[in-house]
> 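The structure is given below, and queries will be raised subsequently.
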Amino acid sequence: MSTEPTAPQPRHFIQQIIDADLASGKHKKIITRFPPEPNGYLHIGHAKSICLNSGLATEFNGQFNLRMDDTNPTKEEIEYVDSIKEDVRWLSAEWNEHYYQASDYFDRMHADAIKLIKMGKAFVCYLSLEEMRLQKGDFTTPGKDSPTRNTSVEENLAAFEKMTRGEFDEGKAVLRAKIDMAATNEYMRDPVIYRIRKVEHHNTGNKWCVYPMYDYAHPLEDAYEGITHSICTLEFEKHRPFYDWVVNTVNTPSKPQQIEFARLNITYTVLSKRKLLELVQENRVNGWDDPRMPTISGLRRRGYTPASIRKFCETIGITKHNSLTDVALLEHAVRDDLNKTSPRFMAVLDPIKLIIDNYPEGEVEILEAQNNPEDPAAGSRTVPFSKTLLIERDDFIEVAPKKYFRLTPGQEVRLRWGYYVKCTHCVKDAAGNVTAVHCTYDPATKGGDSPDGRKIKGTIHWVSEAQASDVEVRLYDRLFTHENLNDLGDDEDWRTHLNPESLKVIRGKVEPALLTLKPGTRVQFERTGYFCVDIKDSQPSRPVFNRTVSLKDSWAKQIVK
RNA sequence: AGUCCGAUGGUGUAACGGUAGCACAGGAAAUUUUGGUUUUCCUUGUCCAGGUUCGAAUCCUGGUCGGACUACCA
């Protein structure tokens, strides 16, 4: 039996490299890794890398490692380690038992540094930072050799030992690889591989006062773990020759291959750890998990699902050229997911009274409402109905434009799950603001169908005033008003483009069923958008709702035209 | 300035010498107890100039434009 021929799945360049490596027998099994430095919270750009690396491991039946790249104790904290693990787990990238820390390799890296010294491939240099910069040369001029470049192996061994014991102050000595000061690639001009940092490390405490540099440490970490494909972003392209130099000169048993891909950029947001840290430190947002932040924790709190983020990462693909992804792609991914999965409720965000003049005073009816028309299995709930309701202020207009299907004097609309009502008139205050809308209902249309089959164009949502609850609703919008934050002039501060209206806090009126939801629950407010119960600030029976994303609104578009 | 990398609709991508396809965005319609969803249709593209070839988005040469790099950060 043969399966129906299907179109071949498009394969990006990294999958093709792996295909070839497996076919040639270079590798039997692949091992990938995600190696964040624990100096900040993960963001959607990291999600791209996590999905890529863990996805490749799954696809090729390989292994995925999570590794803290913690070689610089001055910037790293245990708080970040914990948040990173939580976020990677939330995205359901499974590392199983393969959790590692670069700092656990410090002994081995140090031994390999001694190996390099013995080979005459590394030396201790006493040049100051400034002197070293001057001797480095530039794009067009070769660098100058360090005065200690040709000292004996014995001297270097002793000097490195002194460094390691803490006999030098910070900045007084470094260990450098001995390669070529005239190399066209600056990263090959005797790069520093160990520096002195007399700082406590969150994992190794005060055991060390010398710490390996990224360019030296990273290839070794990969090699120690047997990583086959070490995937990083484009800015490391020029580091690759040194990566290979380390692997080949130390001659590690396994020889990982570095592959670079383009990092993610999204319109109307910043995606650099430094800028995100500044937003937090300058209190421009309320922490790393502020729902406006593009961090994983921010998106989670905003109501994004892991599946929607994974879908987004799949959609944007993997290439080597820099691009700017429209945030609409992200929003589409979450709408698409939430549309299928979230139960519907009625909530009125900008209430105005609707009084049904011919409805009995004091009567309360219990109506049945479907939870999700997309999913009959989601069942139904009940909503109370009475003479005085609250509806959206937008759903009434005294003088209606063409094709307005909502309430306007003389027009009939359907109250969702309720009755047909016909608008009669409105009441205004002294200033001319509408304070209440009046209507009459047709008792024969209970549930929203009319026996005579007459068609109603507009259906609006509502809550019964007496039974409605007052809740806090947070309406989030994009954090920046500028589309491409990478495109600013040198003297232009990205902060000036912050959107002053990125957060609006309002009080809404909601149906009773909305009060008992657990924090983190995602729902749709019918005709409005997707919301979730805030996981931090909600209290029992006092939920706070975060707007994840609004529904598409083609009427709003039409009205603009 | 040098080296390296890249260039496909408005945006993100696919096509690996043989019909430029998909998704988003935008537009039109049908369906709809959400102006949502769903369905159908439409608009819009191979950076430029040469070359190789029966045939080029794809290979070659030259240009143009964009990005990365000048840390004892990662």
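Because the structure is a prediction, the values reported are computed rather than measured. Just so you know, these numbers use all the heavy atoms, side chains as well, and skip hydrogens, waters and symmetry mates. Chain A is the first sequence line, chain B the second, and so forth, proteins listed ahead of strands; every chain is numbered from 1.
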> Categorize Gly171(A) for me: base, sugar-phosphate, or nothing, with a 4.0 angstrom heavy-atom threshold over every strand shown.
base

> To the nearest Å, give me how far apart OH (Tyr216(A)) and P (rC72(B)) are.
18 Å

> Here's one to test your reading of the geometry: is the NZ or CZ of Arg176(A) within 45 degrees of the ring axis of Phe123(A) and under 6.0 Å from its centre?
no

> Less than 6.0 Å separating the ring centroids of Tyr194(A) and Phe160(A)?
yes

> Among rU3(B), rA74(B), rG6(B), which is the nearest nucleotide to the side chain of Phe236(A)?
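Per side-chain heavy atoms of Phe236(A), the pick is rA74(B).
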
> Report yes or no: is there a donor-acceptor pair, N or O only, under 3.5 Å between the side chain of Glu186(A) and the base of rU3(B)?
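Donor-acceptor pair under 3.5 Å: no.
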
> Base, sugar-phosphate alone, or nothing: which one does His218(A) contact when heavy atoms must sit under 4.0 Å apart?
nothing

> Would you say whether Tyr214(A) stacks on rA74(B)? The test is a distance between ring centres of less than 5.5 Å and an angle between planes of less than 30°.
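No, the aromatic ring of Tyr214(A) does not stack with the base.
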
> Take atom C1' in rG17(B) and the same atom in rG51(B), then report the distance between them in whole Å.
15 Å

> Would you mind telling me which of rC5(B), rG35(B), rA74(B) lies closest to the side-chain atoms of Lys320(A)?
rC5(B)

> Side chain of Lys238(A): nearest nucleotide among rG12(B), rA74(B), rU3(B)?
rU3(B)

> Should the pair Glu331(A)-Lys552(A) be classified as a salt bridge under the 4.0 Å nitrogen-to-oxygen rule?
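So Glu331(A) does not pair with Lys552(A) through a salt bridge.
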
> Across the strands shown, which category fits Thr233(A) at heavy-atom distances under 4.0 angstrom: base, sugar-phosphate, nothing?
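Nothing, no nucleic acid heavy atom in range.
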
> In whole angstroms, how far is the P atom of rA14(B) from the CD1 atom of Ile318(A)?
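One finds 9 Å between P of rA14(B) and CD1 of Ile318(A), rounded.
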
> Can you classify the ring geometry of Trp288(A) versus Tyr41(A) as parallel (below 30°), tilted (30 to 60°) or perpendicular (above 60°)?
parallel

> With the six-membered base ring of rA1(B) as reference, does the ring of Phe139(A) sit under 5.5 Å away with planes under 30° apart?
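No; centroid distance or tilt outside limits.
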
> Using atom C1' in both nucleotides, what's the gap between rC73(B) and rC24(B) to the nearest angstrom?
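rC73(B) and rC24(B) have their C1' atoms separated by 37 Å.
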
> Less than 4.0 angstrom between a side-chain N/O of Thr74(A) and OP1 or OP2 of rC73(B), yes or no?
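No, Thr74(A) has no side-chain N/O under 4.0 Å of OP1/OP2 on rC73(B).
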
> Using the C1' atoms only, state how far rU37(B) lies from rU32(B), rounded to an integer number of Å.
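Per the computed distance, 8 Å lies between those C1' atoms.
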
> Contact class for Asp215(A) vs. all strands (heavy atom < 4.0 Å): base, sugar-phosphate, or nothing?
nothing

> Determine, using ring centers only, whether Phe168(A) and Tyr126(A) are less than 6.0 Å apart.
yes

> Looking at every strand, decide which applies to Glu37(A) at a 4.0 Å heavy-atom threshold: base, sugar-phosphate, or nothing.
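Sugar-phosphate contact only - Glu37(A) comes under 4.0 Å of backbone atoms but never of a base.
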
> Taking only the P atom of each, what is the distance from rC42(B) to rU3(B) in whole angstrom?
49 Å

> Using a heavy-atom cut-off of under 4.0 Å over every strand shown, decide if Asp69(A) touches base, sugar-phosphate, or nothing.
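Sugar-phosphate contact only.
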
> Pick the P atom in rU46(B) and in rU11(B), then give their distance to the nearest Å.
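Between the two P atoms, the distance is 13 Å.
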
> Determine the Euclidean distance between corresponding P atoms of rA74(B) and rU61(B); express it in Å to zero decimal places.
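Straight-line distance between the two P atoms is 38 Å.
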
> Please pick, from rU70(B), rU34(B), rG35(B), the nucleotide with the shortest atom-to-atom distance to any side-chain atom of Arg416(A).
rU34(B)

> Could you check whether Gln370(A) gets within reach of a base, just the sugar-phosphate, or nothing at all, counting any heavy atom under 4.0 Å?
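Contact class for Gln370(A): none.
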
> For His461(A) and Glu392(A), run side-chain hydrogen bond (donor to acceptor under 3.5 Å, both in side chains): C-alpha distance rounded to whole Å, both residues' side-chain angles, the deciding distance at 0.1 Å, then the answer.
CA-CA 8 Å; His461(A) 61 279; Glu392(A) 255 2 295; 2.8 Å; yes

> Does a side-chain N or O from Arg263(A) land closer than 4.0 Å to OP1 or OP2 of rA74(B), or not?
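Answer is no, no contact under 4.0 Å.
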
> What about the rings of Phe312(A) and Tyr304(A), do their centers lie closer together than 6.0 Å?
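No; Tyr304(A) has its ring centre 6.0 Å or more from that of Phe312(A).
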
> Find the distance Arg189(A):CZ to rA71(B):P and express it as a whole number of Å.
11 Å

> Can you check nucleotides 23-25 of chain B for protein contacts, nitrogen or oxygen pairs under 3.5 Å, and list what you find?
residue: rC24(B); atom: OP1; partner: His332(A); partner atom: NE2; Å: 3.4

> Are Phe531(A) and Phe345(A) an aromatic pair by the rule of ring centers under 6.0 Å?
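No - the distance between ring centres of Phe531(A) and Phe345(A) does not fall below the 6.0 Å cut-off.
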
> Counting any heavy atom closer than 4.0 Å, what does Tyr404(A) reach on the DNA or RNA strands: base, sugar-phosphate only, or nothing?
base

> Answer yes if the side chains of Gln524(A) and Glu526(A) hold a donor-acceptor pair under 3.5 Å, and no otherwise.
no

> Using the P atoms only, state how far rU43(B) lies from rG27(B), rounded to an integer number of Å.
16 Å

> Using a 4.0 Å heavy-atom cut-off across all strands, classify Val192(A) as base, sugar-phosphate, or nothing.
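It contacts sugar-phosphate atoms only.
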
> Assign Lys403(A) to base, sugar-phosphate, or nothing according to its heavy-atom contacts below 4.0 angstrom with the strands shown.
base

> Regarding Glu170(A) and Arg195(A), does a basic nitrogen lie under 4.0 Å from an acidic carboxylate oxygen?
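Not counted as a salt bridge, because no side-chain N and carboxylate O are separated by less than 4.0 Å.
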
> How long is the line joining CG of Asp375(A) and P of rU34(B), in whole Å?
17 Å

> Which part of the nucleic acid, if any, lies within contact of Leu324(A), taking any heavy atom under 4.0 Å across all strands shown: a base, the sugar-phosphate backbone alone, or nothing?
sugar-phosphate

> Is there a donor-acceptor pair under 3.5 Å between the side chain of Arg197(A) and the backbone N or O of Cys209(A)?
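Not a single qualifying donor-acceptor pair exists.
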
> Would you measure the distance from the P atom in rA25(B) across to the matching atom in rA15(B) and give it in whole Å?
24 Å

> 5'-most contact on RNA chain B: Ile316(A) or Leu127(A), nearest heavy atom basis?
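Its nearest nucleotide being more 5', the pick is Ile316(A).
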
> Considering heavy-atom distances to RNA chain B, does Thr319(A) or Gly448(A) have its closest nucleotide positioned more toward the 5' end?
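Result: Thr319(A).
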
> With heavy atoms under 4.0 Å as the rule, sort Ser554(A) into base, sugar-phosphate or nothing.
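Answer is sugar-phosphate: Ser554(A) comes under 4.0 Å of backbone atoms only.
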
> With respect to the side chain of His321(A), which nucleotide from rU34(B), rG35(B), rG6(B) is positioned closest?
rG6(B)

> Looking across every strand, which nucleic acid part, if any, lies under 4.0 Å from Lys75(A) by heavy atom: base, sugar-phosphate, or nothing?
base

> When all nucleic acid strands are considered with a 4.0 Å heavy-atom cut-off, which category describes Gln16(A): base, sugar-phosphate, or nothing?
base

> So, Lys273(A) and Asn39(A): side-chain donor and acceptor under 3.5 Å apart, yes or no?
yes

> My understanding is that only residues two or more places apart in sequence, or in another chain, count here; which of them pass side-chain hydrogen bond (donor to acceptor under 3.5 Å, both in side chains) with Arg406(A)?
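Asp395(A).
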
> Which of these nucleotides, rA74(B), rA71(B), rU34(B), is closest to any side-chain atom of Arg344(A)?
rU34(B)

> Do the side chain of Glu374(A) and the base of rG36(B) come within less than 3.5 angstrom through a donor-acceptor pair of N or O atoms?
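It does, because a donor-acceptor pair links the side chain of Glu374(A) to the base of rG36(B) below 3.5 Å.
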
> Tell me the interatomic distance from Ile460(A), atom CD1, to rU34(B), atom P, rounded to whole angstroms.
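Atom CD1 in Ile460(A) sits about 13 Å away from atom P in rU34(B).
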
> Could you tell me how far apart Tyr187(A) (OH) and rA71(B) (C1') are, to the nearest whole angstrom?
9 Å

> Enumerate, in order of first residue number, the stems that involve RNA chain B, defined as 3 or more consecutive Watson-Crick or G-U wobble pairs with both distances under 3.5 Å.
B:2-7 with B:64-69, B:10-13 with B:21-24, B:26-30 with B:38-42, B:47-51 with B:59-63

